[in-house]
Amino acid sequence: MLAEIKGLNEECGVFAVWGHNDAPQITYYGLHALQHRGQEATGMVVTNGKILDIYKGNGLVTEVFQEESLRNLKGCGSIGHVRYCTSGGGGSENIQPFLFRSSSTYDLALAHNGNLVNANVLKAELEKMGSIFHSTSDTEVLGHLIRRSTKKPFIDQVMESLVRLEGAFAYLIMKDDELIGARDPHGLRPLSLGRLGDGYILTSETCAFHVVGATFIRDIEPGELVWMNQEGIHFKRFAPKKIWAMCAMEYVYFARPDSDVDGANVHSTRKKMGKYLAQETSVDADVVIGVPDSSISCAVGYAEQSGIPYELGLIKNRYVARTFIQPSQALREQGVKMKLSPVRSIVEGKRVIMVDDSIVRGTTSRRIVNLLREAGATEVHVRIGCPPIRFPCFYGIDTSTKEELISAKFSNEEVRKLIGADSLEYLSEQALIRAVQEEVNSSENQGLCMACYTGQYPTALFGLDQEKEEKIKI
Ligand code: AMP
Ligand code: SF4
């Protein structure tokens with residue numbers, strides 16, 4: 001039930017092309033590069049300058065788009081989306097992009113990464129005025145707001161509508177002859193602009209630029225939109241920049257190491273987190289190992305700082321679905337076993353420091369500590385590259401409900417016992433902030449959202465509706 005009512009656009013990726021004759025094909029490669037942000041469903045809407053065409057489905061990018069479907073998509077502009085949704089809360093009506101057809105005005109396509117905290121308030125208001133929603137996703141709200149705007153031209157309709165939204169968003173908004181990319185005033189979700197030939201690319205992560213041969217121009221700023229049409233490219237501010245609060249979990253876990261998020265390379269930032277983690281939580285040991293893939297950079301930083309050698313102590317089987325999306329606890333545990341194998345020759349008879357990026361439910365850490373002991377490790381010291389996650393996220397990252405968060409229910413010492421480690425330590429809040437700020441290539445005072453560690457949410461939460469209540473009850 002929870003999956004049905006909670007935001008169904010958790011942890012997604014968006015990608016757009018404007019002004020290039022191979023827009024659909026480039027979007028395919030771009031979405032493929034963003035696949036780590038969502039493996040459940042994908043889709044794209046394409047424009048040939050007059051008509052919008054849509055193709056979407058459940059599955060990976062390579063599964064949904066076959067050679068023939070891609071060949072049939074033709075256009076010079078397109079927006080695409082990959083979706084990551086937990087515990088089967090899908091439903092094909094929630095696959096993005098959304099396409100709103102109209103016989104009296106223009107067709108409109110939307111793709112969204114993030115989660116709106118005032119979606120239910122706006123939905124109730126819009127339904128009262130007669131809007132009918134096709135999906136349970138909060139994304140659709142923007143489409144109805146734009147449709148109801150009496151402003152002219154299109155850009156003013158979009159600006160007026162964006163101002164009404166609260167929460168996290170990187171939105172792609174396209175009609176036949178215009179494309180807009182917008183980022184929320186707190187900058188909670190990333191959105192970067194690049195150039196490809198005479199055209200432009202918008203993407204959640206810069207790793208997609210390298211894949212399609214584009215060059216980075218700049219990040220869209222919090223509260224800013226970029227707008228492209230036949231006259232070229234324009235930038236507009238639709239809201240004043242609020243306290244900059246980029247999601248810390250993008251750096252910790254979510255983004256790909258070869259991406260730069262708001263100017264900070266993710267690999268370098270994670271390495272620095274590992275460095276500070278070693279400074280703050282040193283322990284005598286023989287080897288440092290990381291949990292593949294997201295913790296490797298942090299483990300390397302830890303090893304470098306501590307002088308303890310980094311070793312490949314765990315091997316990942318790449319052909320198993322992410323453990324997090326398995327619905328039951330029993331299946332999740334089975335998933336971890338299928339996914340990771342310890343290298344006995346590395347860990348046998350050794351005191352091991354096992355670095356992981358985060359603990360959510362505690363399943364992964366408990367299983368890995370067990371695997372390492374089974375493989376002969378004499379001590380297992382767990383080091384985590386972020387502070388304990390004690391609060392749910394309302395901004396589109398599935399860090400689970402408070403009920404399921406192990407650190408919300410138990411003290412650090414209790415968690416240590418539950419996962420069976422000899423010691424357990426976390427990176428401090430200050431060190432995480434310092435690691436990111438030292439890497440961010442900006443003179444601006446860029447802040448982070450740290451709400452899942454601190455409970456201090458950067459936006460108002462607009463009361464507790466059913467979705468939020470489910471997340472915080474314990
Ligand atoms: P858990 O086993 O529930 O403690 O999950 C922790 C593991 O899941 C860590 O090793 C992370 O790499 C990964 N992880 C952290 N946050 C998320 C998230 N929001 N979605 C999916 N996986 C995550
Ligand atoms: Fe990211 Fe946590 Fe903030 Fe959610 S609450 S946006 S996961 S830092």
Side-chain angles (χ1 to χ4, degrees), residues 7 10-12 36-40 84-87 113-115 117 167-170 184 186-190 243-255 261 270 290-299 314 316 321-326 329 331-333 335-337 339-340 354-370 382-402 404-410 415 418-419 424 426 429 432-433 436 447-459 461 468 471-472:
E10 323 261 64
E11 313 171 357
C12 305
H36 61 289
R37 297 182 72 87
Q39 294 118 46
E40 202 211 337
Y84 189 155
C85 180
T86 54
S87 52
N113 171 211
N115 196 57
V117 282
F169 59 86
D184 71 74
H186 290 279
L188 277 148
R189 295 278 153 254
I243 294 165
W244 199 327
M246 162 55 76
C247 167
M249 284 300 284
E250 289 276 358
Y251 292 106
V252 168
Y253 165 74
F254 210 53
V261 175
R270 285 184 191 157
V291 182
D293 295 317
S294 44
S295 309
I296 302 295
S297 310
C298 187
L314 287 164
K316 182 176 173 183
R322 281 192 166 192
T323 48
F324 217 77
I325 59 176
Q326 314 263 1
Q329 185 72 3
L331 273 181
R332 263 198 301 275
E333 294 196 20
V336 174
K337 203 164 196 172
K339 204 167 139 180
L340 288 169
M354 189 273 266
V355 178
D356 201 356
D357 52 82
S358 55
I359 291 183
V360 182
R361 299 174 173 100
T363 318
T364 310
S365 302
R366 181 152 48 88
R367 282 296 316 156
I368 296 173
V369 170
N370 224 336
V382 176
R383 295 293 179 270
I384 302 295
C386 72
I389 298 177
R390 302 190 206 275
F391 300 90
C393 174
F394 299 111
Y395 304 122
I397 294 271
D398 182 25
T399 47
S400 207
T401 62
K402 205 163 175 184
E404 291 173 323
L405 292 172
I406 194 168
S407 304
K409 292 192 15 184
F410 300 103
V415 175
L418 284 167
I419 66 171
L424 166 67
Y426 298 83
E429 287 167 25
L432 171 54
I433 293 168
V436 175
L448 285 177
C449 173
M450 302 274 287
C452 48
Y453 321 119
T454 63
Q456 283 159 8
Y457 296 93
T459 70
L461 293 182
K468 291 180 196 131
K471 283 196 169 184
I472 60 162

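When a ligand or atom number is given, it counts from 1 through the structure's own listing order.
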Would you check whether [X] has a nitrogen or oxygen atom less than 3.5 angstrom from a nitrogen or oxygen atom of ligand 1?
{"X": "Gly362", "value": "yes"}
{"X": "Ser365", "value": "no"}
{"X": "Ile397", "value": "no"}
{"X": "Tyr84", "value": "no"}

> Under 4.0 Å from ligand 1, counting heavy atoms only, is it the side chain of Ser358, its backbone, both or neither?
Replying inline: both

Output yes when a side-chain donor or acceptor of [X] lies under 3.5 Å from a complementary backbone atom of [Y], and no otherwise.
{"X": "Asp357", "Y": "Gly385", "value": "no"}
{"X": "His186", "Y": "Ile243", "value": "yes"}
{"X": "Tyr457", "Y": "Cys452", "value": "no"}
{"X": "Asn115", "Y": "Phe394", "value": "yes"}
{"X": "Arg270", "Y": "Tyr251", "value": "yes"}
{"X": "Arg189", "Y": "Asp184", "value": "no"}

>> What verdict does the side chain to side chain donor-acceptor pair (under 3.5 Å) test give for Thr459 and Tyr395, after you've listed the backbone C-alpha separation in whole Å, the side-chain angles of each residue and the deciding distance to 0.1 Å?
In response: CA-CA 10 Å; Thr459 70; Tyr395 304 122; 2.9 Å; yes

Which atoms from ligand 1 have a heavy atom of [X] less than 4.0 Å away?
{"X": "Asp357", "answer": "9 (C), 11 (C), 12 (O)"}
{"X": "Ser294", "answer": "12 (O)"}
{"X": "Asp356", "answer": "9 (C), 10 (O)"}

> Do any protein N, O or S atoms sit under 2.8 Å from atom 1 (Fe) of ligand 2, and which ones are they?
Replying inline: Cys247 SG

> Can you tell which part of Arg189 has a heavy atom less than 4.0 Å from ligand 2: side chain, backbone, both or neither?
Replying inline: side chain

> Could you give the distance from CD1 (Ile359) to CZ (Arg366), rounded to the nearest 0.5 Å?
Replying inline: 11.0 Å

> Atom NE2 in His36, atom OH in Tyr84: separation rounded to 0.5 Å?
Replying inline: 11.5 Å

> Ring centroid separation for Tyr453 and Phe391, is it under 6.0 angstrom?
Replying inline: no

> Tyr426 and side-chain contact (heavy atoms from CB on, under 4.5 Å): which partner among Ser358, Cys386, Ser407?
Replying inline: Ser407

>> Tell me whether ligand 1 is touched by Met249 - counting only heavy atoms on the residue side and a distance under 4.0 Å.
In response: yes

